[in-house]
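One structure is given below, encoded as structure tokens.
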Amino acid sequence: MSSQETIHKGFNRLFACAAAGIFAATTAVVWSPQTAQAEDAPAAGRIAQRETFDLELETGRTEVVRHADAAFVKVHFDGVVLGPDDELVVASPDRREVHRYGADDVASGELWALSIEGEAAEVVLRDAADGTEAAARIADYSRGLNASEMDAQPEPATESLCGRDDSQNAICYKEIDPQAYDASKSVARLIINGEYYCTAWLVQGGNRLLTNNHCFSTGAEAKVTEVQFRYECRECNGTETRRPVKVSGDRVLATDYTYDFTLFTVADYDRVDHLPHLQIDTSQASRGDKLFIAGHPGGRPLRIAAASSSEPAATAGQCQVHDPAFNGRGRATDVSYLCDTEGGSSGSPVISRKTGKVVGLHHLGGCPNSGVRMDLVYPRIAQYLP
């Protein structure tokens with residue numbers, strides 16, 4: 001697969017910098033569904049809506065899947081048969097994003113393609129006359145929700161803003177807090193099963209990422225999870241975002257309900273192996289330790305929560321550990337804090353200012369909010385870390 005990072009203009013007022021672009025139709029068949037009715041409104045925590053589609057692809061013919069005002073289009077195929085030299089290509093009309101798939105990318109005839117930013121995706125099936133007749137059907141697609149649809153969603157109750165929202169776009173920290181900004185480069189937005197969002201991050205030692213068990217927990221779910229790095233604003237108060245670097249989830253190595261973690265790998269790891277990988281703090285955090293959290297609250301571009309208006313003035317408002325043995329899904333499993341979080345922050349790294357290492361895996365809200373203690377998670381995943 002390949003894609004080129006570019007800048008695109010935003011239109012979605014929900015995001016500090018928007019994620020959608022507008023593309024003109026360029027080829028063949030175009031299909032658009034009717035506008036969804038109110039009773040079809042998406043559930044909380046959803047970043048996209050799956051739409052029905054049924055089209056057998058003809059080799060060599062370019063089709064366009066379009067949905068007006070979509071933030072992105074993510075195409076789902078079934079009945080995929082590819083020979084060793086055949087190819088299924090999904091691209092943006094302007095060719096700034098091109099994702100190519102071969103036989104090795106297809107499991108049991110099914111494929112979730114990586115998303116295309118904007119309201120249209122071009123699809124073409126290419127048969128190389130290699131002895132296998134290429135075939136594929138567009139079964140359905142997911143379209144990224146627009147501003148009004150995202151605004152209409154109820155806020156998940158499990159992750160909370162404590163007072164006003166004091167988090168900021170990650171790029172705001174590039175000059176004033178390089179420690180936090182550099183760490184944030186390890187963080188990814190997840191799009192799970194074409195619909196739901198969470199956060200994950202690269203772990204020390206190679207192709208290893210952590211998110212929450214409540215985000216996903218099986219290998220089948222990992223394979224239909226899109227992992228987006230560097231989805232962030234270009235300027236602190238600007239209206240442009242980077243086009244993210246996108247890879248697919250691959251395998252689940254370990255997962256646990258009580259400690260609410262999932263350790264997994266991604267396909268095409270060589271596309272992201274240059275990014276920072278965070279170290280795990282194997283010691284328990286202490287009360288008063290200063291913290292920051294990097295993640296994708298509300299599925300928005302990357303944000304950092306390093307201060308809170310709910311913290312005492314004596315601490316200069318810095319986020320800090322309130323209880324290093326807080327009850328989460330188990331007794332004393334968590335570390336608590338007042339850093340601002342929202343739905344989508346699940347899986348974010350909670351990073352110690354003192355060590356620069358991850359002391360918590362954010363998963364619960366309620367002010368205080370809390371993350372699973374990494375000193376308890378580490379012994380359960382150490383054998384899987386290279």
Side-chain angles (χ1 to χ4, degrees), residues 14-17 155-189 198-199 201 230-238 241 276 278-279 281 284-324 326 328 334-374:
L14 174 75
F15 295 161
C17 9
E155 175 64 26
T158 55
E159 293 151 297
S160 307
L161 298 177
C162 302
R164 68 171 184 262
D165 184 3
D166 296 293
S167 68
Q168 296 187 66
N169 292 321
I171 193 66
C172 300
Y173 286 85
K174 185 175 182 179
E175 302 297 333
I176 64 171
D177 192 347
Q179 177 195 19
Y181 180 69
D182 289 346
S184 75
K185 296 176 185 177
S186 70
V187 175
R189 180 174 74 163
C198 272
T199 296
W201 46 280
R230 303 306 305 274
Y231 176 52
E232 61 176 304
C233 299
R234 294 285 299 188
E235 297 178 357
C236 184
N237 297 308
T241 61
L278 297 176
Q279 290 188 303
D281 199 328
Q284 184 179 2
S286 299
R287 190 182 305 272
D289 285 354
K290 302 303 186 293
L291 305 169
F292 64 90
I293 299 176
H296 289 277
R300 300 197 300 277
L302 186 62
R303 295 180 72 82
I304 294 172
S308 173
S309 55
S310 298
E311 291 286 3
T315 68
Q318 293 184 73
C319 292
Q320 62 179 300
V321 174
H322 281 254
D323 186 346
F326 191 72
D334 284 21
V335 55
S336 71
Y337 37 80
L338 294 175
C339 303
D340 291 312
T341 61
E342 298 178 62
S345 297
S346 289
S348 298
V350 182
I351 302 171
S352 167
R353 289 280 188 190
K354 182 171 63 176
T355 66
K357 299 179 181 180
V358 182
V359 295
L361 180 66
H362 175 75
H363 71 143
L364 294 176
C367 293
N369 305 324
S370 69
V372 184
R373 290 166 46 187
M374 290 307 299

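Positions are given from 1 along the sequence. Just so you know, these numbers come straight off a predicted model, no measurement behind them. These values consider heavy atoms only, across backbone and side chains, with no hydrogens, waters or symmetry-generated copies.
Here OG of Ser346 is found 8.5 Å from CG of Leu361. Values are rounded to the nearest 0.5 Å. Atom CD of Glu235 and atom SG of Cys172 lie 10.5 Å apart (nearest 0.5 Å). Taken to the nearest 0.5 Å, the CD1 atom of Ile171 stands 8.5 Å off from the SG atom of Cys236. Separation of atoms CD1 (Ile351) and CD (Gln179) is listed at 8.0 Å; rounding is to 0.5 Å. Between atom OG of residue Ser310 and atom CG of residue Leu338 there is a gap of 5.5 Å, rounded to the nearest 0.5 Å. Taking CZ of Arg303 as the start and OG of Ser167 as the end, the distance is 3.5 Å to the nearest 0.5 Å.
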Candidate pair Ser352 and Asp281, rule side chain to side chain donor-acceptor pair (under 3.5 Å), full reasoning: CA-CA 9 Å; Ser352 167; Asp281 199 328; 5.0 Å; no
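Other residues, nucleotides and ligands contribute only 12 or fewer heavy atoms inside 6.0 Å of the NZ atom of Lys174.
Scored by the disulfide (SG to SG under 2.5 Å) test, Cys319 finds no partners at all (sequence neighbours excluded). Checked against side chain to side chain donor-acceptor pair (under 3.5 Å), Tyr181 has the following partners two or more places apart in sequence or in another chain: Arg230, Glu232. Listed by chain and residue number, Glu311 satisfy the side chain to side chain donor-acceptor pair (under 3.5 Å) test with Gln320 (two or more places apart in sequence, or in another chain). Taking Asp166 as the reference, Arg164 meet the salt bridge (charged side-chain N to carboxylate O under 4.0 Å, His left out) condition, with sequence neighbours excluded. For Asp334, the side chain to side chain donor-acceptor pair (under 3.5 Å) partners are His363, Ser370, not counting sequence neighbours. Shown here are the salt bridge (charged side-chain N to carboxylate O under 4.0 Å, His left out) partners of Lys185, two or more places apart in sequence or in another chain: Asp182. Judged as a salt bridge (charged side-chain N to carboxylate O under 4.0 Å, His left out), and not counting sequence neighbours, the contacts of Arg353 are Asp177. In this structure Asp165 satisfies the salt bridge (charged side-chain N to carboxylate O under 4.0 Å, His left out) test together with Arg300, sequence neighbours excluded. Listed by chain and residue number, Val187, His296, Ser348 satisfy the side chain to side chain contact (heavy atoms under 4.5 Å, CB included) test with Thr199 (two or more places apart in sequence, or in another chain). Every residue meeting the side chain to side chain contact (heavy atoms under 4.5 Å, CB included) condition with Ser286, not counting sequence neighbours, appears here in chain and number order: Asp289.
Between the side chain of Arg234 and the main chain of Thr241, no donor-acceptor pair closer than 3.5 Å is present. In this structure, the side chain of Asn369 engages the main chain of Cys339 through a donor-acceptor pair within 3.5 Å.
Sorted by first and then second residue, the salt bridge (charged side-chain N to carboxylate O under 4.0 Å, His left out) pairs with a member in residues 365-374 read Arg373-Asp375; sequence neighbours excluded.
No side-chain heavy atom of Tyr173 sits less than 4.5 Å from a side-chain heavy atom of Ser184.
Just one residue in the list Asp323, Val321, Ile293 forms a side-chain contact (heavy atoms from CB on, under 4.5 Å) with Tyr337, and that residue is Ile293.
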